[in-house]
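Notes follow the structure.
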Amino acid sequence: MPTVSVIVPVYNVEKYLKKCVDSILGQTFRDIEVILVEDCSTDRSREICREYERMDTRICCVYQAENGGLGRARNTGIRVAHGEYLMFVDSDDYIDRVMVEQLYNNICASGADVASCGVYNVFQQKKVPQYDKIEKFLCPAEEAFGLLLVGEKIPGSSCNKLYRAKLFQKLKFPEGILYEDVKFHTDLMQIIDNIYVDTTPLYYYIHRSKSITTQKFDSRAMMFIYAYEDTLRIVESKYPSVLPQARFKLTWAYFSILDRMLQQDDYRKIKEFRKVKTYLKRNVVRILRSSYFNRARKIGAFVLFLNTRAYRFLIRMNDKKNKSIIS
């Protein structure tokens, strides 16, 4: 039996899939199985999966009967996995060659339920670490929940972590919704004792033009806000010490959705626009006093309070300055 099962949902990623799979097969830690869950792609992704299955005996391909989305694909991979530990990699991303070894050594040495590493945000012209300091420590679950909500030392992706497989006897990914990682992590934090945190960036998250967060806004995007509203309710009842972080994350979700709305020229016609803008304007004092928002975001909140068009101009200039999306 393999020690680590790496689960890769695959859907219409022919341009990225080989780099992703090659980065997993090239790991310094060799005792792995790679489960490619092909989710009814309409491009060459299925053919590429078959090529890799013939090439390396560590690869197992599972072909879904119908497209079920990311959550269902991950759950399918969990059901067929044999490893003592599980890891997830999105098929348009890639990982450092020592990622599995480093996470495995950390989880074994610490006895933690989960081991986490840092993330690089990869754009057209540059890659930027999500957190620019290297720290390593064992963190109890409630404190880790707060760090996860802030999202720097413990990024909010399910793909930068190694999990003990036994956790998934009680845990699964939500299916049929967007932003499944939010609920997944909220559920995860309620069943673990601790996380070993290593902020070394070993996971490469590709920002591309066809991702969910860069597509034209539609009402389904509001699920991002609703997910963090659910998280806030759980934190209020069970984890009051991280309430400031949960409130920060919900407000951050509102900002993310507003910024996406404002990418469109007809943003005022979006039915949820007024609700989102009003929430942020009503909370401007709390945003300005928060220790979790950076200076640029606080300036943005103040500008939004004064004038929406000025805020829109500000975020558009900031986007052009800071990143170029990979197409």
Side-chain angles (χ1 to χ4, degrees), residues 1-10 13 16-37 52 55-60 74 77-78 81-123 126-139 144 147-148 151-165 167-168 181 185 188 192 194-208 326:
M1 293 293 182
T3 300
V4 176
S5 297
V6 184
I7 297 167
V8 185
V10 176
V13 284
Y16 308 95
L17 183 56
K18 288 185 178 181
K19 184 169 186 174
C20 173
V21 178
D22 286 344
S23 75
I24 300 169
L25 296 178
Q27 291 294 296
T28 55
F29 189 93
R30 305 290 295 172
D31 188 16
I32 62 173
E33 67 172 349
V34 184
I35 302 170
L36 303 178
V37 185
Y52 273 99
M55 183 191 310
D56 196 309
T57 57
R58 294 177 296 169
I59 291 182
C60 167
R74 286 174 177 165
I78 292 166
H82 299 99
E84 184 181 355
Y85 302 91
L86 302 185
M87 193 171 95
F88 305 94
V89 178
D90 284 346
S91 51
D92 49 357
D93 299 333
Y94 59 99
I95 61 176
D96 190 282
R97 64 191 299 270
V98 301
M99 178 173 169
V100 176
E101 181 177 12
Q102 196 154 319
L103 290 177
Y104 176 74
N105 288 341
N106 286 345
I107 205 169
C108 290
S110 66
D113 297 307
V114 180
S116 173
C117 70
V119 172
Y120 274 116
N121 291 305
V122 181
F123 304 106
K126 60 184 178 180
K127 64 177 185 287
V128 182
Q130 202 154 309
Y131 183 69
D132 59 4
K133 298 176 184 176
I134 305 302
E135 299 181 26
K136 302 180 182 185
F137 55 94
L138 184 65
C139 189
L147 294 177
L148 178 69
E152 292 182 338
K153 297 181 184 181
I154 306 180
S157 168
S158 60
C159 295
N160 68 311
K161 301 175 180 72
L162 184 68
Y163 309 84
R164 293 188 184 273
L167 294 172
F168 292 89
D181 277 353
H185 277 113
L188 171 71
I192 64 172
N194 46 45
I195 292 180
Y196 189 86
V197 180
D198 181 344
T199 64
T200 308
L202 300 173
Y203 188 91
Y204 293 80
Y205 169 54
I206 305 294
H207 290 255
R208 61 188 182 102
I326 296 174

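- Applying the side-chain contact (heavy atoms from CB on, under 4.5 Å) test to Lys127 and every residue at least two apart in sequence or in another chain returns Tyr120, Val122, Tyr204.
- Phe137 places a side-chain heavy atom less than 4.5 Å from the side chain of Lys153.
- Between Asp31 and the options Val4, Val100, Thr3, a side chain to side chain contact (heavy atoms under 4.5 Å, CB included) holds for only Thr3.
- Residues passing the salt bridge (Lys or Arg N to Asp or Glu O under 4.0 Å) test with Asp90 are Arg74, sequence neighbours excluded.
- A side-chain donor-acceptor contact under 3.5 Å links Asp22 and Tyr52.
- A donor-acceptor pair under 3.5 Å is formed between the side chain of Thr199 and the backbone N or O of Lys133.
- When all heavy atoms of His185 and Gly156 are compared, the pair lying nearest together is CE1-O, 3.1 Å.
- In this structure, the side chain of Asn160 does not engage the main chain of Ser116 through any donor-acceptor pair within 3.5 Å.
- Shortest non-hydrogen contact noted between His207 and Asn121 is NE2-OD1, 3.0 Å.
- We find the NZ-CG distance between Lys18 and Leu25 to be 13.0 Å, quoted to the nearest 0.5 Å.
- Considering only heavy atoms from C-beta on, Asn105 stays 4.5 Å or farther from Tyr196 through its side chain.
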>> If you apply the rule side-chain contact (heavy atoms from CB on, under 4.5 Å), what do you find for Met99 with Cys117, and how did you get there?
In response: CA-CA 8 Å; Met99 178 173 169; Cys117 70; 3.8 Å; yes
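- Nearest approach of Lys161 to Pro155, heavy atoms of both residues: NZ-O, 2.8 Å.
- Using a 4.5 Å heavy-atom cutoff, the side chains of Val8 and Cys20 are in contact.
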> side-chain contact (heavy atoms from CB on, under 4.5 Å) between Leu148 and Ile195: does it pass, once the steps are laid out?
Replying inline: CA-CA 10 Å; Leu148 178 69; Ile195 292 180; over 6 Å; no
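- When the side-chain hydrogen bond (donor to acceptor under 3.5 Å, both in side chains) test is applied to Arg30, no partner is found at least two apart in sequence or on another chain.
- The closest side-chain heavy-atom distance from Met87 to Ile95 is below 4.5 Å.
- Between Asn194 and Asp113, the closest side-chain pair of non-hydrogen atoms falls below 4.5 Å.
- The backbone N or O of Ser158 lies less than 3.5 Å from a partner atom in the side chain of Asp181, making a donor-acceptor pair.
- Nearest heavy-atom pair across Gln27 and Asp96 is NE2-O, 2.8 Å.
- Between Pro201 and Ile134, some side-chain heavy-atom pair lies under the 4.5 Å cut-off.
- Applying the side-chain hydrogen bond (donor to acceptor under 3.5 Å, both in side chains) criterion to Ser5, with sequence neighbours excluded, gives Glu33.
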> Given Val89 and Cys159, is the side-chain contact (heavy atoms from CB on, under 4.5 Å) satisfied, shown in steps?
Replying inline: CA-CA 5 Å; Val89 178; Cys159 295; 5.5 Å; no
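- Ile35 approaches Ala81 most closely through the heavy-atom pair CD1-CA, 3.5 Å.
- Summarising the geometry of Thr200 relative to Lys136, their closest heavy-atom pair is OG1-CE, 4.1 Å, with the distance given to 0.1 Å.
- To the nearest 0.5 Å, atom CD1 of residue Ile192 and atom SG of residue Cys139 are 9.0 Å apart.
- With sequence neighbours excluded, the residues that form a side-chain contact (heavy atoms from CB on, under 4.5 Å) with Glu152 are Tyr131, Val150.
- Taking the side chain as every heavy atom from C-beta outward, Arg164 and Ile107 approach each other to under 4.5 Å.
- The side-chain hydrogen bond (donor to acceptor under 3.5 Å, both in side chains) search around Asn106 returns Asp198, not counting sequence neighbours.
- Taking 4.5 Å as the limit, some side-chain heavy atom of Leu188 sits within range of a side-chain heavy atom of Tyr163.
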